[in-house]
Amino acid sequence: MASRREFLARGALAAVGGAAAQAAENAVASGDPGGRIPLNGLWRFRLDPERSGEALGWQRLEQAGAEWRQVRVPHTWQIEPGSEEYYGAAWYWRLFEAPPEWSARAVRIEFEAVFHTATVWVNGRLAGRHAGKGYTTFAFEITAHLRFGGANAIAVRVENDFSAAMLPRGRSSDWTHDGGIYRPVSLLVTPKVYLERVDVDAIPEPGGGRARIEAAAVVRNAGEQPWEGTIGWRIVDAETGATVARRPRAARVRVKPGESVDVKLPPAALAEPKLWHFDRPHLYRFEAELETAGAAAHRIETCFGVRSIEVRDGGFYLNGERVRLMGVERMAGSNPEFGMAEPAEWIRHDHEEMKELNCVFTRVHWPPDRRVLDYCDRRGMLIQLEVPAWGGRTFEGMSEEPSPEIMQNGLEQLREMILRDRNHPCIFSWGLANEIGGQTPVARRFLERMLAEAKRLDPRRLCSYASNSLQRTPERDAAALMDFIAWNEYYETWFEGGLEELRRNLEEIERAFPGKPIVISEYGYCACTPERPEEDARRIRILREHTGIFRSRPRVAGVIFFCYNDYRTHIGDKGTAVMRQRVHGVVGLYGRRKPSFEALRRESSPVEAFEVAGRPDFLRVTVRARSVVPAYTLDGYRVRAVAYGPAEIPVERLLTPLPRLAPGQQATVTLQCRETAPEKVVLDVVRPSGDSAATVIWRP
């Protein structure tokens, strides 16, 4: 029988098309002037291998001819027959209506990401260019280019060829370079004076009875007249809808035509806050409103959480509790049916599987889709976001200083990532690079400047970079600059040596960086060279044995297995065209689970022991919390039992709470069943979020 993932791989393209795309088309046609209007759905598309499109006037087209075929945006050409390995220029084109009333509004076009360079024209006029930054969101004001009351043409030239002037640099990266408008597109229709962004910091005070709220806003005047008014705000509990704090007219604002101003709002307090935690991911909504002459002018909202993450005594503290975290990394864009243009259902499904794997701590090699962060906020998963500086060839040809274009590109990608995403409570840390040869002067200069900029933009959040250069003289590595040490550990795969070398190396790293937590930011087994066959049994052994060593070192505060999925990459040694990949995961490209999936689920569980004894009508259940990675308090956990009769028919369900268990503690609870002759009982330790952390099948 086909797995659910395999079913989705065959069917989701049609599902994402159909009704959802038509709804997006209708939203555009209706001309809703109130805010965000999707521009996803049907576009026209063609490749431009000769790069002659601009000279031929494609940016000025009023109609697209037969040589322009129809595609659905979000879209990447890398999954289509014949263009899987095409790296160059391509064009997108479509029409939309601009109602007459929009002439009194400000209209922007927002792209959540285009890989990697986009040049945008509206009605033949250049709207803007976003160059060499393939994973961050950007928007252009287009009001002056519009024809109100009629059809408007958008043309977008996209380039995805390998470039030495951007990150990832050239062919240094080990993932897929899918070209296209691969994330959602929207029109943003607002008043001429609008709130562009709101930043919120929510810091719990000692004792937990209050949280300090610090907020700032960016106000933009796209009009021709000076504007004066006020900003007010309120905070809403996202779960109950109740207003829990309010500050009308918190600050006055004056902004000149064509300018943007930063407005720091007076700090405020939130009483009795509900803290965000991966087991209890409570969210609040911050609603900010511009007002002038007593009337509302513009309003935006953003979600945030109240939580603290600190480094103390060589460990991580989440809301004051010492935690040792574990998880797995997912490589986006790896399903050959979607590539990087992943629909929401696919993103959700993969992350649901990561939750099943007990993942509470993960990372990504580049700024992710906004829907990934929304999922992690709502469902509880800490994540490190990274600038896509990857590989030892990042600074090829540079000795002491990074080239100006690489340095500038890295800083721009960092700024765009932080300014869009800093409010998400799921973001554990900012990652500044990955495997860039951290013992060279040029890498250190790069990281020093990136770290200074990250701390300027978001001073409270941790920063790190994932090093693969700590095997010798670790004290010389630029990892010393960071808030914690992140090490990609590949003994028995890429590094020579085995378990003894791993133990020795970890001891050297601890001596080199006293007092700093250590995160194993990658480890696992990759069948990534012709002489290295796929051996899932070897993957399981490395998982278990290496995790055992990490557990023996108290300063190993986090562990991230690499990786969740076999992943598409332009340097893959397995498969061809759209199937070119590295075999590295606990699931395959189409989601086939390997035996290592269940092994990773068990190793990542905070439950060390889960024992059941007794008779069918009276079960004694003992649960012991791990004292080593992953280790955190089991608070609000329950035991769920489902009894099954003949033919796998569920006949009884029981649920009982567990007492609060600190790492290393255990408790025994009893379950009294009315069903006296079940064929089996499936028992789960259930998190407060409803996810299973451990499973046992008991048979009489």
Side-chain angles (χ1 to χ4, degrees), residues 74 76 110-118 130-139 158 160 163 166-169 172-186 197 199 302-303 329-334 339-342 344 347 350-351 361-377 381-391 394 406 408-436 446-447 450-451 453-454 457-458 461-466 486 521 560 563 567 569:
T76 173
E110 180 192 77
F111 297 83
E112 293 193 24
V114 174
F115 192 84
H116 54 70
T117 295
H130 189 252
K133 293 169 285 186
Y135 305 100
T136 52
T137 297
F138 60 97
V158 177
N160 81 323
S163 169
M166 58 166 278
L167 299 170
R169 187 169 183 237
S172 68
S173 62
D174 181 14
W175 60 79
T176 179
H177 282 224
D178 285 359
I181 304 175
Y182 71 96
R183 289 182 188 162
V185 188
S186 300
R197 191 182 76 248
D199 299 334
T302 183
C303 279
E329 182 176 350
R330 169 187 182 258
M331 293 292 278
S334 293
M340 281 289 192
E342 296 179 318
I347 292 170
D350 277 6
H351 286 82
F361 185 40
T362 187
R363 61 185 281 241
V364 286
H365 279 55
W366 56 85
D369 193 298
R370 180 182 284 155
R371 294 167 293 185
V372 170
L373 298 179
D374 290 342
Y375 179 94
C376 292
D377 280 346
M381 194 181 295
L382 292 162
I383 184 170
Q384 174 170 293
L385 272 56
E386 298 180 8
V387 173
W390 192 96
T394 299
I406 286 297
Q408 184 64 25
N409 182 263
L411 289 170
E412 288 180 4
Q413 293 201 57
L414 178 70
R415 290 175 191 134
E416 292 181 10
M417 175 177 71
I418 292 177
L419 292 179
R420 190 196 76 168
D421 295 333
R422 68 183 307 282
N423 292 346
H424 288 279
C426 66
I427 298 177
F428 182 87
S429 50
W430 302 118
L432 307 182
N434 178 77
E435 299 187 1
I436 58 170
F446 177 84
L447 289 169
M450 295 287 281
L451 179 63
E453 183 66 0
L457 294 169
D458 190 10
R461 200 167 252 120
L462 303 180
C463 293
S464 192
Y465 102 96
S521 40
I560 301 174
C563 100
Y567 62 95
T569 170

Do you know which two heavy atoms are closest between Asn160 and His177, and how far apart they sit?
ND2-O, 3.0 Å

Just by distance, do the side chain of Thr76 and the backbone of Gly179 share a donor-acceptor pair under 3.5 Å?
yes

Residue pair Ile427 / Asp458, side-chain heavy-atom distance below 4.5 Å:
no

Got a donor-acceptor contact below 3.5 angstrom from the Ser172 side chain to the Trp390 backbone?
yes

Return the CZ to OG distance between Phe111 and Ser186, rounded to the nearest 0.5 Å.
10.0 Å

In short, Ala454 meets Ile418 closest at the heavy-atom pair CA-CD1, 3.9 Å

Would Arg169 and Ile406 satisfy side chain to side chain contact (heavy atoms under 4.5 Å, CB included), going step by step from the backbone distance to the final call?
CA-CA 8 Å; Arg169 187 169 183 237; Ile406 286 297; 3.7 Å; yes

Any chance you could measure Arg183, atom CZ, to Asp369, atom CG, to the nearest 0.5 Å?
5.0 Å

Could you give the distance from CG (Leu385) to CH2 (Trp366), rounded to the nearest 0.5 Å?
11.5 Å

Heavy-atom check, side chain of Asp377 versus side chain of Pro425, under 4.5 Å:
yes

Just wondering, do Pro388 and Pro367 contact through their side chains at under 4.5 Å, heavy atoms?
yes

Before you tell me yes or no, could you show the steps for Glu386 and Leu432 under side chain to side chain contact (heavy atoms under 4.5 Å, CB included), namely the whole-Å CA-CA distance, both residues' side-chain angles and the distance that decides it to 0.1 Å?
CA-CA 6 Å; Glu386 298 180 8; Leu432 307 182; over 6 Å; no

If you measure from CZ on Arg330 to CG on Asp350, what distance do you get to the nearest 0.5 Å?
4.0 Å

Can you find a pair of side-chain heavy atoms, one from Trp430 and one from Met417, that are under 4.5 Å apart?
yes

If we only count heavy atoms from C-beta on, is the Arg371 to Pro184 side-chain gap below 4.5 Å?
yes

When you measure from the side chain of Thr117 to the backbone N and O of Ala131, does any donor-acceptor pair fall under 3.5 Å?
no

Hey, could you give me the CG/CG distance between Leu414 and Leu419, rounded to the nearest 0.5 Å?
9.0 Å

Aromatic rings Phe115 and Tyr135: how do their planes relate, parallel, tilted or perpendicular, breaks at 30° and 60°?
tilted

For the residue pair Tyr465 and Leu451, establish whether any side-chain heavy-atom pair is separated by less than 4.5 Å.
no

Is the His351 ring parallel, tilted or perpendicular to the Tyr375 ring (thresholds 30°, 60°)?
tilted

Test item: Pro168 and His116 side chains (from C-beta on) under 4.5 Å apart, heavy atoms:
no

Minimum heavy-atom separation for Asn409 to Gly132, with atom names?
ND2-O, 2.9 Å

Nearest atoms (heavy-atom pairs only) where Ser334 meets Met331
OG-O, 3.0 Å

List the steps, then state whether side chain to side chain contact (heavy atoms under 4.5 Å, CB included) holds for Asp421 with Arg370.
CA-CA 8 Å; Asp421 295 333; Arg370 180 182 284 155; 5.7 Å; no

Under 3.5 Å, side chain of Thr569 to main-chain N/O of Trp175, donor-acceptor pair present?
yes

Do Leu457 and Arg422 have side chains that get closer than 4.5 Å, going by heavy atoms?
no

Using the rule given for side chain to side chain contact (heavy atoms under 4.5 Å, CB included), can you reason through Cys426 versus Met381, listing the C-alpha separation, both sets of side-chain angles and the distance that settles it, and then say yes or no?
CA-CA 6 Å; Cys426 66; Met381 194 181 295; 5.9 Å; no

His365 NE2 to Cys563 SG distance, which is reported to the nearest 0.5 Å:
9.0 Å

Closest non-hydrogen atom pair between Glu342 and Gly333, with its separation:
OE2-N, 3.0 Å

Is there a salt bridge (Lys or Arg N to Asp or Glu O under 4.0 Å) between Arg420 and Glu110 once you walk through the steps?
CA-CA 12 Å; Arg420 190 196 76 168; Glu110 180 192 77; over 6 Å; no

